[in-house]
Amino acid sequence: MRAVIFDLWDTLVDWPAAEAAALQQRIAALVGVGDAEFGRRWADGYRRSQTGPLAAAYGALGVPGEHVEAEVAARHEFGRRVLRPRDGATAVLAELRRRGLRLGLISVCSEEVPAAWPETELAGLFDAATFSSECGLMKPEAAIYLRTARALGVEPHDCLFVGDGANDELGGAARVGMTPVLFVPGAPLWHGLAGWAGLRISSMEEVLELC
């Protein structure tokens, strides 16, 4: 392997589910529709929120125009607060780089992540970072993996892809020729992963054993 590409949420950084849910509930209150209708709108607008401006996504949800700016600002503040690497992640990344491997990141995320990224401990540790909100692509689309491999200067078959399995990201990586690695510290979180037969690790440090 010449490169290791990582997922962000629930891989390098724990997803703060309670805080994210609180932000979602705040938006739901502003939209002012029933739970079922809000859930439908939220699901229908997921791609929009992850591949373009949050202001447009919130407007499409039904957030009143006078509240959109404040909600976007709240999401950015959330990003700055929660983008903290899990224990051991930065040491593993530094060791991989010391060994001469190229390091990449692919994240399905809304705009607050790339906005806050330069201020995080992780920013200087990657040779290429691909954010869905900037490039308009999402996992498991082949183009987002191929774009990242090109930025790293390697072929897909030279890459490990390490992630928790959300968004069929492991299948997407495999379909372009990368070697997918399921990262789950405990039981699999995502439907369909209980029978995962590929490479699997439960700590960041185990990545080093694969390289």
Side-chain angles (χ1 to χ4, degrees), residues 4-25 27-28 35 38-51 57 75 78-79 81-93 96 103-114 116-117 120-122 126 129-133 137-142 144-145 148 159-176 178-210:
V4 184
I5 300 173
F6 290 89
D7 169 50
L8 180 65
W9 294 118
D10 278 333
T11 302
L12 293 171
V13 177
D14 286 324
W15 174 246
E19 292 184 63
L23 282 178
Q24 184 175 335
Q25 290 163 6
I27 291 170
D35 291 347
F38 180 78
R40 184 192 65 76
R41 292 189 192 183
W42 187 267
D44 288 349
Y46 177 66
R47 183 184 179 88
R48 182 195 295 264
S49 72
Q50 306 298 292
T51 58
R75 187 74 187 198
F78 163 85
R81 187 173 65 253
V82 304
L83 277 169
R84 301 287 183 269
R86 68 167 62 250
D87 290 346
T90 56
V92 167
L93 292 169
L96 290 170
L103 297 180
L105 175 86
I106 303 176
S107 179
V108 172
C109 60
S110 46
E111 67 181 49
E112 78 281 358
V113 172
W117 185 252
T120 70
E121 295 176 57
L122 293 164
F126 289 89
T130 305
F131 303 103
S132 64
S133 55
L137 301 166
M138 290 180 65
K139 293 177 282 188
E141 296 164 12
I144 200 167
Y145 301 93
T148 306
C159 301
L160 284 181
F161 177 85
V162 181
D164 67 311
N167 301 300
D168 188 29
E169 63 184 1
L170 302 178
R175 287 189 288 274
V176 299
M178 295 181 181
T179 299
V181 182
L182 173 62
F183 172 71
V184 186
L189 299 176
W190 299 101
H191 177 72
L193 291 178
W196 174 254
L199 294 172
R200 175 174 176 159
I201 59 174
S202 59
S203 72
M204 279 286 109
E205 291 74 14
E206 289 178 78
V207 175
L208 301 175
E209 300 173 14
L210 302 176

Asks: Could you tell me whether the side chain of E19 reaches within less than 4.5 Å of the side chain of V82, counting heavy atoms only?
Replies: yes
Asks: Roughly how far, to the nearest 0.5 Å, is CG of D168 from NE2 of H191?
Replies: 11.5 Å
Asks: Measure the CD1-CG distance between I5 and L105 for me, rounded to the nearest 0.5 Å.
Replies: 9.5 Å
Asks: Which value, rounded to the nearest 0.5 Å, describes the distance between D44 atom CG and S49 atom OG?
Replies: 11.5 Å
Asks: Working to the nearest 0.5 Å, report the span between OG1 of T148 and CD1 of I106.
Replies: 3.5 Å
Asks: Would you name the heavy atoms of G165 and L193 that are closest together and state the gap between them?
Replies: CA-CD1, 3.9 Å
Asks: Is there side-chain contact between R84 and V13, with heavy atoms separated by less than 4.5 Å?
Replies: no
Asks: Mind checking whether W196 and V184 have side chains closer than 4.5 Å, heavy atoms only?
Replies: no
Asks: I need the minimum non-hydrogen distance between P114 and S110, along with the two atoms involved.
Replies: CD-O, 3.5 Å
Asks: Answer yes or no: is there a side-chain heavy-atom contact under 4.5 Å between T130 and L137?
Replies: no
Asks: Once rounded to the nearest 0.5 Å, what's the spacing between atom OG of S107 and atom CZ of F6?
Replies: 13.5 Å
Asks: Using only atom types and a distance under 3.5 Å, with no angle test, would you say the side chain of Y145 pairs donor to acceptor with the backbone of E169?
Replies: yes
Asks: Side-chain contact, heavy-atom cut-off 4.5 Å: F161 with V181?
Replies: no
Asks: Using ring pair (Phe, Tyr, Trp, His ring centres under 6.0 Å), reason through W42 and F38 one step at a time and then give a plain yes or no.
Replies: CA-CA 6 Å; W42 187 267; F38 180 78; 5.6 Å; yes
Asks: Mind running side chain to side chain contact (heavy atoms under 4.5 Å, CB included) on R75 and L23 for me, showing each step along the way?
Replies: CA-CA 8 Å; R75 187 74 187 198; L23 282 178; 4.0 Å; yes
Asks: To the nearest 0.5 angstrom, please state how far the CD atom of E112 sits from the CG atom of L83.
Replies: 7.5 Å
Asks: For T11 and F183, work out which heavy atoms get closest and say how close.
Replies: O-CE2, 3.6 Å
Asks: So, are E121 and R86 salt-bridged, with charged N and O less than 4.0 Å apart?
Replies: no
Asks: Could you walk me through whether T179 and L199 pass side chain to side chain contact (heavy atoms under 4.5 Å, CB included), step by step?
Replies: CA-CA 8 Å; T179 299; L199 294 172; 3.7 Å; yes
Asks: Would you say W117 and L8 make side-chain contact, with heavy atoms under 4.5 Å?
Replies: yes
Asks: Yes or no on side chain to side chain contact (heavy atoms under 4.5 Å, CB included) for E111 and F131, after CA distance, side-chain angles and deciding distance?
Replies: CA-CA 8 Å; E111 67 181 49; F131 303 103; over 6 Å; no
Asks: Can you check whether S133's main-chain N or O pairs, donor with acceptor, with Q50's side chain at less than 3.5 Å?
Replies: no
Asks: Side chain to side chain contact (heavy atoms under 4.5 Å, CB included), that's the test. Do L182 and I201 meet it? Break it down for me.
Replies: CA-CA 6 Å; L182 173 62; I201 59 174; over 6 Å; no
Asks: With distance as the sole criterion, is a donor-acceptor pair present between the side chains of S132 and T51 under 3.5 Å?
Replies: no
Asks: Does a salt bridge link R200 with E206, judged by any charged N lying under 4.0 Å from a carboxylate O?
Replies: no
Asks: Is the shortest side-chain heavy-atom distance between L12 and F126 below 4.5 Å?
Replies: yes
Asks: Angle class for the F78/W15 ring planes (parallel below 30°, perpendicular above 60°, tilted otherwise)?
Replies: perpendicular
Asks: Can you find a pair of side-chain heavy atoms, one from W9 and one from P16, that are under 4.5 Å apart?
Replies: yes
Asks: Which heavy-atom pair separates L103 from L93 by the least distance, and what is that distance?
Replies: CD1-O, 3.4 Å
Asks: Can you tell whether the side chains of D7 and K139 come within less than 4.0 Å, N to carboxylate O?
Replies: yes
